[in-house]
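Taking it in order: structure first as structure tokens, then the write-up.
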Amino acid sequence: MIDPSLMGRLSFTPTAPTKSPLQPGLHPLGIAEERDAMLYVPTGLEEEVAVPLLVMFHGGGGSAEKVLPFLQEHAERNQFLLLVPQSIYPTWDIVIGGNGPDLQRLNQALTAVTAHYFIDPDHFGFAGFSDGGSYALSNGITNGDLITHVIVFSGGFMSVFMQEGAPRIFISHGLSDEQLPIETSGRPHAEKLKAAGYDVTFLEFAGNHSIQPPIVELAVEFFLK
């Protein structure tokens with residue numbers, strides 16, 4: 001029998017918290033000595049109340065520090081948890097050769113978060129930029145019985161062997177993307193997903209391969225409504 005994790009299936013299962021909530025601010029989760037996963041906790045969260053969780057995957061060659069500034073203010077203002085894992089290698093395992101150690105770390109990071117918080121089952125999202133967008137899209141669809149929203153900023157590909165659930169999907173892509181042309185990524189992805197019955201929001205913008213703050217704001221609205 002094939003190990004489901006090789007196809008991107010998470011082994012993580014949400015459970016009731018066993019530890020006190022963390023103080024507001026940015027916290028390393030202690031799952032790795034290098035390139036640890038980071039959790040941003042906004043101020044004012046009520047204890048024992050389910051809270052939305054958005055997981056943001058950085059682009060190839062990136063880090064938590066590069067993507068946190070795009071979403072941290074939104075997490076604070078809208079009071080959702082922001083989890084930012086970091087790939088072990090320069091990019092995510094699925095891009096290099098298939099699901100493996102990064103998925104294992106993601107399971108650990110999610111388990112660490114739910115030790116402190118109830119996660120809102122209606123607002124549990126995967127988001128990512130570039131290679132991270134591909135990762136969010138591929139594993140979000142694979143775990144759509146758990147993930148409710150998938151947000152893709154200029155993603156390059158989908159690698160899906162299992163489809164579970166029906167997450168809502170938000171895709172944005174630049175018309176002048178020089179790294180991942182919209183004609184071979186954003187547009188065909190949106191078309192295939194719509195044809196498969198997914199609820200897809202697709203936005204094209206006048207720009208290159210980058211994260212656009214106005215698009216991020218729309219994506220956050222999509223995630224929370």
Side-chain angles (χ1 to χ4, degrees), residues 3-6 8-76 78-121 123-129 131-133 135-136 138-140 142-143 146-149 151 223:
D3 183 347
S5 69
L6 297 177
R9 286 291 291 173
L10 291 164
S11 60
F12 159 78
T13 301
T15 58
T18 57
K19 300 179 181 180
S20 299
L22 300 171
Q23 292 296 314
L26 190 62
H27 300 268
L29 290 181
I31 64 170
E33 293 185 5
E34 297 182 0
R35 296 180 65 79
D36 197 2
M38 307 297 293
L39 178 69
Y40 182 76
V41 179
T43 56
L45 290 184
E46 297 183 37
E47 291 191 29
E48 299 185 2
V49 174
V51 59
L53 171 64
L54 185 63
V55 184
M56 176 67 182
F57 301 99
H58 61 73
S63 64
E65 289 76 13
K66 287 187 177 181
V67 293
L68 270 166
F70 290 99
L71 282 161
Q72 188 169 311
E73 181 180 336
H74 292 284
E76 179 67 26
N78 295 285
Q79 293 199 310
F80 62 85
L81 294 169
L82 177 60
L83 173 62
V84 187
Q86 301 190 81
S87 61
I88 296 175
Y89 302 108
T91 192
W92 300 96
D93 51 10
I94 195 173
V95 181
I96 298 172
N99 289 288
D102 287 331
L103 190 70
Q104 294 173 12
R105 280 196 182 184
L106 179 58
N107 280 310
Q108 292 176 301
L110 291 170
T111 299
V113 172
T114 55
H116 297 277
Y117 297 97
F118 288 103
I119 302 306
D120 182 348
H123 295 91
F124 185 177
F126 276 5
F129 167 64
D131 280 358
Y135 197 84
S138 300
N139 286 339
T142 301
N143 295 279
L146 184 67
I147 304 305
T148 60
H149 296 74
I151 298 170
F223 171 56

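- The CG atom of Leu54 lies 10.5 Å from the NE2 atom of His74; values are rounded to the nearest 0.5 Å.
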side-chain contact (heavy atoms from CB on, under 4.5 Å) evaluation trace for Leu71 with Val84:
CA-CA 10 Å; Leu71 282 161; Val84 187; over 6 Å; no

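- Across all their heavy atoms, Pro42 and Ala75 have their closest contact at CB-O, 3.4 Å.
- Across Phe70, Trp92, Phe129, a single residue satisfies ring-ring contact (aromatic ring centres under 6.0 Å, His included) together with His58, and that is Trp92.
- Atoms OG and CG, on Ser11 and Leu106 in that order, are 9.5 Å from each other to the nearest 0.5 Å.
- Between Leu81 and Val41, the closest side-chain pair of non-hydrogen atoms falls below 4.5 Å.
- With sequence neighbours excluded, the residues satisfying side-chain contact (heavy atoms from CB on, under 4.5 Å) with Ser63 are Arg35, Glu65, Lys66, Gln86.
- Separation of atoms CG (Asp102) and CG (Asn107) is listed at 11.5 Å; rounding is to 0.5 Å.
- Under the salt bridge (Lys or Arg N to Asp or Glu O under 4.0 Å) criterion, Arg9 pairs with Asp145, sequence neighbours left out.
- The shortest non-hydrogen separation linking Asp36 to Gly30 is OD2-N, 2.6 Å.
- Asn143 places a side-chain N or O within donor-acceptor distance of the main-chain N or O of Leu10, the cut-off being under 3.5 Å.
- Nearest heavy-atom pair, Phe57 versus Ala136, reported as atom, atom and distance to 0.1 Å: CD1-CB, 3.9 Å.
- Partners of His116 according to the side-chain contact (heavy atoms from CB on, under 4.5 Å) rule, which considers only residues two or more places apart in sequence or in another chain, are Lys19, Leu22.
- To the nearest 0.5 Å, atoms CG (Leu53) and NE2 (His149) are separated by 12.5 Å.
- Across Thr43 and Pro24, no two heavy atoms sit closer than the pair CG2-CB, 3.5 Å.
- Under the side-chain contact (heavy atoms from CB on, under 4.5 Å) criterion, Asn99 pairs with Asp93, Ile94, Leu103, Tyr135, Asn139, not counting sequence neighbours.
- For an aromatic pair to be called close, the ring centres must be under 6.0 Å apart, and Phe223 with Phe80 satisfies this.
- Checked against side-chain contact (heavy atoms from CB on, under 4.5 Å), Ala109 has the following partners two or more places apart in sequence or in another chain: Leu29, Ile31, Ala37, Leu83.
- In terms of heavy-atom proximity, Pro101 sits nearest to Ile88 at CB-CD1, 3.3 Å.
- The environment of CD in Gln79 is crowded: more than 12 heavy-atom neighbours from other residues, nucleotides or ligands sit within 6.0 Å.
- Going from atom CG of Leu82 over to atom CD of Glu76 covers 11.0 Å, rounded to the nearest 0.5 Å.
- Within the structure, ring-ring contact (aromatic ring centres under 6.0 Å, His included) contacts touching residues 12-40 (residues at least two apart or in different chains) do not occur.
- Taking CZ of Arg105 as the start and OG of Ser87 as the end, the distance is 9.0 Å to the nearest 0.5 Å.
- At least one side-chain heavy atom of Leu68 sits less than 4.5 Å from a side-chain heavy atom of Leu26.
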